[in-house]
Amino acid sequence: QIHMASPEKIDSRGALIVLEGLDRCGKTSQCGRLHSYLEESGHAVELWRFPDRNTGVGQMISSYLANQSNLDDRAIHLLFSANRWEKRSLMESKLRSGTTLIVDRYSFSGVAFSSAKGLDVEWCKAPDAGLLAPDVVIYLDISPEKAAERGGYGGERYEKLEFQKTVAQSYKALSDSTWKIVDATLSIEDVEKQLKGIVMECVEMCQHGKPFSQLWR
Ligand code: Z5A
């Protein structure tokens, strides 16, 4: 009798999908559309965003962004990172239970915005090393000038054209060949169509047991 080695069991899981981009690039609109689309097609899905302003750490971040408090650049960077770490185990259990997470901003925002202030990129990455790596990063690509035309900026700390130009450069330096770069100047519907294709492919790979990996390890 021949005994075949049984292949390692691979579990189906939800996908970790991250949208990144400059302020006003359309992330929030597209995250909402993707969430509805997946839900309507019968997938377990949740919409997350960072910063998560509902936690204690998130409230400190929120008051900093609203210019109601001042913090050292490194201190606020570490708070943004802590805000992701405090959600890490919930994130993993959701994904393991089959729920796909559509996430509006993640560690790449952390590095892009802090390094745009002049902090060293490797220093910025270090506290996020070991968080779950996204299964796909979708970058909604728009020039800072075009983004600023969209209803103008609000009053938050980073919503200024000159700073957004530097952030755009930081994102470029950070992106790699695995990122899906989508032209965010197309109509909302055309952007949505492209995103659905990218997302469905990723969801299927995770249903087939794509292994987890860690960020920057
Ligand atoms: N930050 C950080 O420093 N470190 C970190 O670790 C993290 C974040 C996680 C949080 O902002 C700030 O924190 C952010 C980065 C920093 N600062 N900035 N800048 P937030 O998450 O609260 O806000 P935001 O991410 O910048 O989102 P937003 O202003 O809501 O923009 P959006 O989500 O990208 O866009 P939108 O609301 O979907 O759309 C903006 C407008 O454009 C709206 O009127 C739409 O109807 C319109 N729109 C959208 N798509 C289109 C298209 N395709 N055509 C035409 N018009 C469109």
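Start at 1 and go down the list; that is how both ligands and their atoms are numbered.
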Just going by heavy-atom distances, which of [options] is nearest to [atom]?
atom	options	answer
atom 15 (C) of ligand 1	Phe163, Tyr64, Phe80, Phe113	Phe113
atom 27 (O) of ligand 1	Gln164, Lys27, Glu159	Lys27
atom 29 (O) of ligand 1	Leu65, Asp23, Asp104	Asp23
atom 10 (C) of ligand 1	Pro51, Ser114, Ser107	Pro51
atom 40 (C) of ligand 1	Glu189, Arg49, Arg24, Arg150	Arg24

Please list the nearest protein heavy atom to [atom] with its residue and the distance rounded to 0.1 Å.
atom	value
atom 14 (C) of ligand 1	Arg105 NE, 3.7 Å
atom 37 (O) of ligand 1	Thr28 CB, 3.8 Å
atom 38 (O) of ligand 1	Ser29 OG, 2.5 Å

Looking at [X], which atoms of ligand 1 are within less than 4.0 Å of one of its heavy atoms?
X	result
Ser187	53 (N)
Leu186	52 (C), 53 (N), 54 (N)
Phe50	9 (C)
Arg84	5 (C), 6 (O), 9 (C)
Gly110	4 (N), 5 (C), 6 (O)
Ala184	53 (N)
Gly26	32 (P), 34 (O), 35 (O), 36 (P), 38 (O), 39 (O), 49 (C), 50 (N)

**OP:** Please confirm whether Phe108 and Tyr171 have ring centers closer than 6.0 angstrom.
**Re:**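 Between Tyr171 and Phe108, which both carry aromatic rings, the centre distance is not below 6.0 Å.
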Original post:
Are Tyr158 and Phe113 close enough that their ring centers fall under 6.0 Å?
Top reply: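 Centroid separation for Tyr158 and Phe113: below 6.0 Å.
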Please determine whether any non-hydrogen atom of [X] lies less than 4.0 Å from an atom of ligand 1.
X	answer
Gln30	no
Cys25	yes
His77	no
Ile76	no
Ala147	no
Arg157	no

Look at [X] together with [Y] and state whether they make a salt bridge at an N to O cut-off of under 4.0 Å.
X	Y	value
Arg96	Asp11	no
Lys27	Glu20	no
Arg105	Asp52	no
Arg33	Glu40	no
Glu149	Lys146	no

Original post:
Looking at CG of Leu195 and NZ of Lys180, how far apart are the two atoms once the value is rounded to the nearest 0.5 Å?
Top reply: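 Between Leu195 CG and Lys180 NZ, I get 12.0 Å after rounding to 0.5 Å.
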Original post:
What distance do Leu22 atom CG and Glu145 atom CD have between them, rounded to the nearest 0.5 Å?
Top reply: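 Atom-to-atom, Leu22:CG and Glu145:CD are 10.0 Å apart.
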Original post:
Given side chains that start at C-beta, do those of Gln207 and His43 come closer than 4.5 Å, heavy atoms only?
Top reply: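 They are in side-chain contact.
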Subject >> Transitive ILVMFWY side-chain link Trp48 to Tyr139, under 4.5 Å >> reply: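 Linked within one cluster.
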Subject >> Candidates Val45, Ile198, Thr100, Asp135 - the one meeting side-chain contact (heavy atoms from CB on, under 4.5 Å) with Ile17 >> reply: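 When side-chain contact (heavy atoms from CB on, under 4.5 Å) is applied between Ile17 and each of Val45, Ile198, Thr100, Asp135, only Thr100 qualifies.
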**OP:** For side-chain contact (heavy atoms from CB on, under 4.5 Å), just list the numbers for Ile142 and Arg150, CA-CA rounded to whole Å, side-chain angles, deciding distance to a tenth of an Å, and then say yes or no.
**Re:** CA-CA 11 Å; Ile142 188 169; Arg150 289 189 173 167; 3.5 Å; yes
**OP:** Record the part of Arg53 in heavy-atom contact with ligand 1 below 4.0 Å; permitted values are side chain, backbone, both and neither.
**Re:**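 The answer is the side chain of Arg53.
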